[in-house]
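Proteins come first, then strands; the chains are lettered A, B, ... in the order of their sequence lines, and each starts at number 1.
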There are 2 protein chains.
Amino acid sequence: MMKVMDAQPWLDDEQQDLWQALLTVVIALPAALDRQLQREAGISNFEYGVLARLSMADEATMRLSDLARVCDSTQPRLSKVMDRFEARDWVARRPDPGDGRYTLATLTDTGRQKLVESAPEHVAQVKRLVFDPLTAAQRRHLGTALTRIAATVRRELEGG
Amino acid sequence: MMKVMDAQPWLDDEQQDLWQALLTVVIALPAALDRQLQREAGISNFEYGVLARLSMADEATMRLSDLARVCDSTQPRLSKVMDRFEARDWVARRPDPGDGRYTLATLTDTGRQKLVESAPEHVAQVKRLVFDPLTAAQRRHLGTALTRIAATVRRELEGG
DNA sequence: TGCCTTCACTTGCCTAGGCAAGTGAAAGGT
DNA sequence: ACCTTTCACTTGCCTAGGCAAGTGAAGGCA
């Protein structure tokens with residue numbers, strides 16, 4: 001199958017299949033989600049996630065560094081997303097009164113409205129692409145495995 | 001008039017957890033792989049995949065359109081990757097003698113050498129982040145679920 | 001044969017995002 | 001009190017990649 005890998009077989013065939021499927025999912029799934037959201041709502045999958053996370057927070061407000069962490073974002077990336085959001089009046093930024101180094105971001109009513117109106121199509125897409133193809137047992141197993149991998153990857157990015 | 005939430009119910013708690021884990025994996029895993037490969041080999045995870053796929057092909061040669069499909073790439077994206085690879089003499093492009101519309105890409109010896117020398121670290125990283133956290137049974141289940149999702153996403157991107 | 005359509009691929013234009021350097025606020029040491 | 005260090009965040013510079021338009025080859029049909 002894979003010539004280089006045959007010469008130095010670090011991954012067996014079963015691992016190869018899993019790896020290929022995972023590669024397709026990490027490359028093609030965001031692309032599919034981005035396309036749908038861009039077309040319907042003019043935002044990316046990542047931006048949707050930021051809006052969703054903020055909307056879940058108490059008072060719809062979070063420190064940027066916390067938001068970056070839960071969104072698996074670097075700080076510069078989130079900073080620029082916030083620039084765009086602020087320009088559209090979807091979020092407001094203000095210094096944390098308790099510690100001037102932090103910045104608090106709050107979802108505005110306009111921002112929440114944007115999220116609510118783009119949610120149905122997006123959630124439907126997620127269900128169609130991720131949940132519908134699986135049985136209930138497969139979903140459970142998938143959740144277990146992905147949670148473990150996610151934790152490992154998070155440690156990697158924070159530590160490295 | 002039906003309410004939005006009735007038409008498109010939100011995800012339940014179990015689905016939320018799965019979805020969050022998948023989001024983290026889809027966003028953070030490529031980032032972690034890119035960082036390692038960029039640092040060690042000066043290429044991206046996607047570029048590594050292209051080299052690997054080409055190396056597996058018969059005569060290390062493929063039509064660009066076929067290569068794009070198996071790499072889950074758009075044609076412009078692959079076209080630009082090939083520009084970079086050709087500039088470094090990792091691949092050679094030539095028109096398909098059987099049909100002048102196609103372009104054949106062949107991995108050069110230099111290109112294969114680049115792949116072989118960057119493979120060990122990369123594979124080790126993949127094992128560490130994806131395989132090591134899982135039991136054998138979990139790997140099997142993960143492979144099954146991801147394969148189903150991957151097929152669905154592929155259909156989505158080709159059809160839509 | 002000539003023309004129109006349909007491919008496969010490339011190019012141009014624009015935005016997103018990574019990294020490294022810069023700014024400004026707090027904490028620690030003396 | 002001062003200076004240094006360590007934060008949280010932003011800015012600048014550069015490259016990757018998406019989309020839409022452009023190029024050139026092959027097939028279809030008169």
Side-chain angles (χ1 to χ4, degrees), chain A residues 26-40 42-50 61-88 91-105 157-158 160, chain B residues 26-39 42-50 61-88 91-106 157-158 160:
Chain A
V26 299
I27 293 174
L29 181 58
L33 296 173
D34 277 337
R35 277 217 333 198
Q36 183 266 323
L37 271 172
Q38 203 67 53
R39 183 163 33 83
E40 314 267 345
I43 59 176
S44 69
N45 177 47
F46 178 79
E47 289 172 322
Y48 179 93
V50 173
T61 298
M62 289 182 78
R63 288 177 171 178
L64 289 189
S65 42
D66 293 336
L67 186 56
R69 192 164 26 74
V70 298
C71 292
D72 302 295
S73 173
T74 60
Q75 279 202 344
R77 182 179 188 180
L78 182 61
S79 188
K80 288 164 188 177
V81 168
M82 292 317 247
D83 288 346
R84 279 173 258 155
F85 283 0
E86 217 170 22
R88 298 182 186 192
V91 301
R93 274 185 287 201
R94 66 178 190 284
D96 185 330
D99 184 336
R101 289 172 300 182
Y102 292 94
T103 299
L104 297 179
L157 281 182
E158 287 166 8
Chain B
V26 159
I27 293 173
L29 180 58
L33 296 173
D34 277 338
R35 278 217 331 200
Q36 182 267 323
L37 271 172
Q38 204 67 52
R39 180 163 34 81
I43 58 176
S44 69
N45 176 46
F46 179 78
E47 289 172 322
Y48 179 93
V50 172
T61 298
M62 289 182 76
R63 290 176 169 178
L64 291 189
S65 43
D66 292 337
L67 186 56
R69 192 164 24 76
V70 298
C71 291
D72 301 295
S73 172
T74 59
Q75 278 203 344
R77 182 178 189 181
L78 183 60
S79 187
K80 287 163 189 176
V81 168
M82 292 317 248
D83 288 346
R84 280 173 257 153
F85 284 0
E86 215 170 24
R88 298 182 185 195
V91 301
R93 274 186 287 201
R94 67 179 191 285
D96 186 328
D99 184 335
R101 288 172 300 183
Y102 291 94
T103 299
L104 298 179
T106 302
L157 281 182
E158 288 167 7

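In this structure, the CG atom of B:D83 is 14 Å from the C1' atom of D:dT15, given to the nearest Å. Separating the CZ atom of B:F46 from the C1' atom of C:dG17 is a distance of 17 Å, rounded to the nearest angstrom. One interatomic measurement links the two molecules: CG of B:D34 to P of D:dT15, which rounds to 17 Å at whole-angstrom precision. At whole-Å resolution of the value, CD in B:E86 and P in C:dT11 are 10 Å apart. Straight-line distance from the CG atom of A:D99 to the C1' atom of C:dG24: 12 Å, rounded to whole Å. D:dC7 atom C1' lies 5 Å from atom CZ of A:R101, rounded to whole Å. Rounded to an integer number of Å, the gap from CZ of B:R63 to C1' of C:dA8 is 10 Å.
The side chain of B:T103 has C:dC9 as its nearest neighbour among C:dC19, C:dC9, C:dA26. Taking every side-chain heavy atom of B:Y102 into account, C:dA8 is the closest of D:dT10, C:dG24, C:dA8. Here the side chain of B:R35 is nearest to one of D:dG17, C:dC7, C:dC19, namely C:dC19. Distances from the side chain of B:L64 to the nucleotides C:dC7, C:dC19, C:dT10 place C:dT10 closest. With distances taken from any side-chain atom of B:K80 to the nucleotides C:dT11, C:dA26, C:dG17, the minimum falls on C:dT11.
Within the 4.0 Å cut-off from OP1 or OP2 of D:dG17, at least one side-chain nitrogen or oxygen of B:R84 is found. Contact between the side-chain N/O atoms of B:R77 and the OP1/OP2 oxygens of D:dG17 is found at a separation under 4.0 Å. For the pair A:T74 and C:dG18, the criterion of a side-chain N or O lying under 4.0 Å from OP1 or OP2 is met. OP1 or OP2 of D:dC9 has at least one side-chain nitrogen or oxygen of A:Q75 nearer than 4.0 Å. Residue B:S79 places none of its side-chain N or O atoms closer than 4.0 Å to OP1 or OP2 of C:dT11. Contact annotation: A:S65 reaches the phosphate of D:dC9 (side-chain N/O to OP1 or OP2, under 4.0 Å).
Taking 4.5 Å as the limit, every side-chain heavy atom of B:I27 sits out of range of all side-chain heavy atoms of A:P30. Between B:M62 and B:V70 the shortest side-chain heavy-atom distance falls below 4.5 Å. Inter-residue side-chain proximity for B:L78 and B:L67 is flagged as met; some heavy-atom pair is nearer than 4.5 Å.
Atoms CZ and CZ, from B:R84 and B:R88 in turn, are 8.5 Å apart once rounded to the nearest 0.5 Å.
Two residues, A:R93 and A:A31, neighbour DNA chain D, and the one matched to the more 5' nucleotide by heavy-atom proximity is A:R93. For the pair A:P97 and A:E47, both in contact range of DNA chain C, the more 5′-proximal nearest nucleotide belongs to A:E47. Along DNA chain C, the nucleotide nearest A:D96 and the nucleotide nearest A:P76 are compared for position; the residue whose nucleotide lies closer to the 5' end is A:P76.
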Checklist entry - salt bridge (charged side-chain N to carboxylate O under 4.0 Å, His left out) between B:D83 and B:R93: does it pass, once the steps are laid out? => result CA-CA 9 Å; B:D83 288 346; B:R93 274 186 287 201; 2.6 Å; yes

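In this structure a side-chain-to-backbone donor-acceptor pair under 3.5 Å is missing from B:D34 to B:S44.
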